[in-house]
Amino acid sequence: MKDVQTLTQEEAAAELAQLAIDLSAANRAYHQNDAPEISDADYDALKRRNAEIEAQFPELKRTDSPTDKVGAEPASGFQKITHSVPMLSLGNAFDDGDVTEFDRSIRKYLGFGDEDPLAYTAEPKIDGLSLSLRYENGQLIHAATRGDGTTGENVTSNARTIADIPAHIPNAPDLLEIRGEVYMSHADFEALNTRQSETGDKTFANPRNAAAGSLRQLDARITESRPLCFFAYAWGSLSAPLGETQSGAIQQLKNFGFQINELTKTCNGPVEMIEHYRDIETKRATLGYDIDGVVYKVDDLALQARLGFRSTTPRWAIAHKFPAELAWTRLETIDIQVGRTGALSPVARLQPVTVGGVIVSNATLHNEDYIAGLGGDGSKIRGGKDIREGDWVQVYRAGDVIPKVADVDLTKRPKTAMPYVFPTVCHECGSDAIRDDGDAIRRCTGGLICPAQAIEKLKHFVSRAAFDIEGLGAKQVEQFLEDGWIKEPADIFELRARFGAGLQQLKNREGWGEKSAENLFDAIDERRTIEFHRFLFGLGIRHLGEAAAKDLARNFADWETLADTADRAALEPATTDASKDAAAQSPAWATFLEIDGIGRALTQSLVAALAQDHERAVIDRLVAHLTILPPEDQASDSPVAGKTVVFTGTLEKMTRAEAKARAEALGAKVSGSVSAKTDLLVAGPGAGSKAKKATDLGIETIDEDGWIALIDGL
DNA sequence: GTGCCTCGAGTTCA
DNA sequence: CTCGAGGCAC
């Protein structure tokens, strides 16, 4: 390493840039993954080097300088904890048919016949909030809420006050992460509310809210005074397996000293599962705590591992929900909201009504057809009747969350009620609102001209899966936009420069002090270094969601390469042929289409967005403020890391979905078609044109057994 | 062309 | 959470 004194300005700048990336990666590994990748001494050396260079070249000090971040605490509330294994939600079943279908689809995925035995566990789904407990050498180290599934809040001191949560576990494996549900019993809930009203404090609407409110107290003494309970039912990282089956593992949790739900039962197939569901349903009122359904899980843990996960839910589990509570109320008016992509969505403004313990005053009406009572969707409205302002409507909370209008009572329709006329002009900007052929949604054509679209796009930019800037949520964005401080993403990164010196304007605003402004600027600076996929998702391009952003990030070295490819694609004739092979005549297009999961609609949308001068300028201005981190190599030591793999023909020992998920977990790119860039073809029996093409191109081809041998033990 | 399976974009309330 | 539709396998 060169002496700082002898560095040229250019070298110093380059090294600072690299240090920013290295330190940021090390920070993330240390704080969020609890898995330091470099030693403390090395980390300190990097930091020292950074400080030395900055001292020598103060003018080069970056606004996202790692030196400034040291010891930076979150602005308020709880610290964040990144789950070592994500805490996912479950898929839902609403009737017996869905349960049978769940079993069928698992059998299909695993290649099981109808007669092969397949056991499931069935247990009540507690209506509380999930919590992850980490034990190291038997000691409780931390407790984290679910949060967004990836990152939760550190509520350790509160969790320690819960009697059902042991502070230490004798004979526990070195690492033990226990997951379960924090809840409050009916009796305790009633008593708490009585106490609350006696002392003049606010009462809680239901046990779930009471449990959530109690666990998220900043003062653990308050949590201690609240009667919280905990059922353990799952786990995260482990240094040793808990057993071979779900049911066995749960017994093990009991041995460790946790409460487990006594109504957990092992069932052979959907008939027994539904039987147990009915049994629990009849006991529901006498349980003494709230449940909202029954959870089924594949019992064999080896099969669970094979089934793996979809993007947000495990394939091996499902929640069979109890029927939702219904309520009748008056629909006062129908309003139209304009979304980020210009979608006009009708919302019912209701006379407030209690549904399942909460007061509902708005409900979604989905789209034009739903109101009109036409076709597919509309058929759900009894008799196919239209919905009108002034109607008496039935409301329920889908999945106990989203209020929906389920039915209309025509006998109570006011004589004056007129059919609702869906607008064809955006009321926000006056642009035409067009509905494409075969599309269910009418969209405003105003683009960024439309204030509603502009604001929604900015909200999307700061949202959790995108830039996730602490202290800059939807509310603040709206405020800042109104004040004219920000119009586009790049403005956010210029806030400190423009207002940092005086701070007067921000300080004068209610709720903003010098400290909170400083915290906000720090939080913004932290995001000047951003992961590639978050950046892509944040752009808010139609069809480019979280999953597609990750697919793209994995397949392009950096933003410049991607943008350049899109620019070239804009000059090529877009193929109208749906087949991917035909697209090969347009090489830049093909670069996108060859990526598994990226299709024409997304490519078209992306290329068009980047070719649009105004939109492109907005993006370029943003990029100038950022250090975009290349995608992490997930498993650089696996033999397929970084390789492009294509599967073809029939796979006999696993399904395609399984094979793809497995390959990607090992750092491979999975493509749908063979090209010169393909590194490996896995061909099962019946492989046709792809295998021939691979041979012609001289690409290594192996069979399924060869593939399994290759990834064996990884 | 058809039928899965997933994803994206919309939605509420505390 | 739900719906519609994109993407892919058959």
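In this text the structure is predicted, and so the values were computed from the model without any measurement. To find a chain, count down the sequence lines: A is the first, B the second, and so on, and within it residues start at 1.
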Open item on the list: Using side-chain heavy atoms (C-beta onward) and a distance below 4.5 Å, is A:Y396 in contact with A:L326?
Closed with: yes
- [ ] Indicate whether OP1 or OP2 belonging to C:dC3 is found under 4.0 Å from a side-chain N or O atom of A:K404.
- [x] yes
- [ ] Please tell me which of the listed nucleotides, B:dA14, B:dG10, B:dT12, lies nearest to the side chain of A:V347?
- [x] B:dT12
Task: side chain to side chain contact (heavy atoms under 4.5 Å, CB included) evaluation trace for A:H460 with A:F537 - done: CA-CA 9 Å; A:H460 172 84; A:F537 177 64; 3.3 Å; yes
Task: Residue whose closest nucleotide on DNA chain B lies nearer the 5' end, A:P346 versus A:V358 - done: A:P346
Open item on the list: What is the distance, to the nearest angstrom, from the CG atom on A:D127 to the P atom on B:dC13?
Closed with: 18 Å
TODO: Using only side-chain N and O atoms of A:S361, determine if any of them is under 4.0 Å from OP1 or OP2 of B:dC13.
DONE: yes
Open item on the list: What is the distance, to the nearest angstrom, from the CD1 atom on A:I541 to the C1' atom on B:dC7?
Closed with: 17 Å
Task: salt_bridge(A:E478, A:K475) N-O dist < 4.0 Å - done: no
Task: Out of C:dG7, C:dG4, B:dC5, whichever nucleotide has its closest atom nearest the side chain of A:R600 - done: C:dG7
Open item on the list: What's the closest nucleotide to the side chain of A:A548 if the choices are C:dG6, B:dG8, B:dC5?
Closed with: B:dG8
Open item on the list: Could you tell me how far apart A:Y396 (OH) and C:dT2 (P) are, to the nearest whole angstrom?
Closed with: 7 Å
Task: C:dT2 phosphate, OP1 or OP2, under 4.0 Å from A:T364 side-chain N/O - done: no
Distance-only donor-acceptor hits, side chain of residues 202-210 of chain A, under 3.5 Å, sequence neighbours excluded:
unit_1, atom_1, unit_2, atom_2, d
A:N206, OD1, A:R208, N, 3.3
A:N206, OD1, A:N209, N, 2.8
A:R208, NH1, A:G128, O, 2.9

- [ ] Would you mind reading off the distance between A:K550 atom NZ and B:dT6 atom C1', rounded to a whole angstrom?
- [x] 14 Å
TODO: Whole angstrom is fine here: how far is it from CG in A:L307 over to P in B:dT6?
DONE: 11 Å
Let me have the donor-acceptor pairs involving side chains of residues 341-360 of chain A, under 3.5 Å, with sequence neighbours excluded, atom names and distances please.
unit_1, atom_1, unit_2, atom_2, d
A:T341, OG1, A:R443, NH1, 2.7
A:R349, NE, A:D335, OD2, 2.8
A:R349, NH1, A:N362, OD1, 2.6

TODO: Give a yes/no on whether any side-chain N or O of A:R340 is located under 4.0 angstrom from OP1 or OP2 of B:dA9.
DONE: yes
Open item on the list: Can you measure A:H543 atom NE2 to C:dC8 atom P for me and round it to whole angstrom units?
Closed with: 14 Å
Open item on the list: Below the 4.0 Å mark, does B:dT11 have OP1 or OP2 next to a side-chain nitrogen or oxygen of A:S345?
Closed with: yes
TODO: Could you say whether A:K202 or A:G540 is positioned toward the 5' end of DNA chain B, judged by the nucleotide with the nearest heavy atom to each?
DONE: A:G540
- [ ] Assign A:L602 to base, sugar-phosphate, or nothing according to its heavy-atom contacts below 4.0 angstrom with the strands shown.
- [x] sugar-phosphate
- [ ] Kindly point out which of B:dC5, B:dA9, C:dA5 is positioned nearest to the side chain of A:A440?
- [x] C:dA5
- [ ] Ignoring backbone atoms, establish whether A:Q337 has a side-chain N or O less than 4.0 Å from OP1 or OP2 of B:dT11.
- [x] yes
Task: Nearest-nucleotide pick for A:V360, side chain only, options being B:dG8, B:dC13, C:dG4 - done: B:dC13
Task: Spacing between A:E456 atom CD and B:dA9 atom C1', to the nearest angstrom - done: 11 Å
Task: Rounded interatomic separation in angstrom, taking CD1 from A:I402 and C1' from B:dA14 - done: 13 Å
Open item on the list: Can you tell me which residue among A:L228, A:T145, A:I126, A:N158 is in a side chain to side chain contact (heavy atoms under 4.5 Å, CB included) with A:V182?
Closed with: A:L228
TODO: Answer yes or no: does a side-chain N or O of A:N92 lie under 4.0 Å from OP1 or OP2 of C:dC1?
DONE: yes
Task: Short side-chain N/O contact to B:dC13 OP1/OP2 from A:N362, under 4.0 Å - done: yes
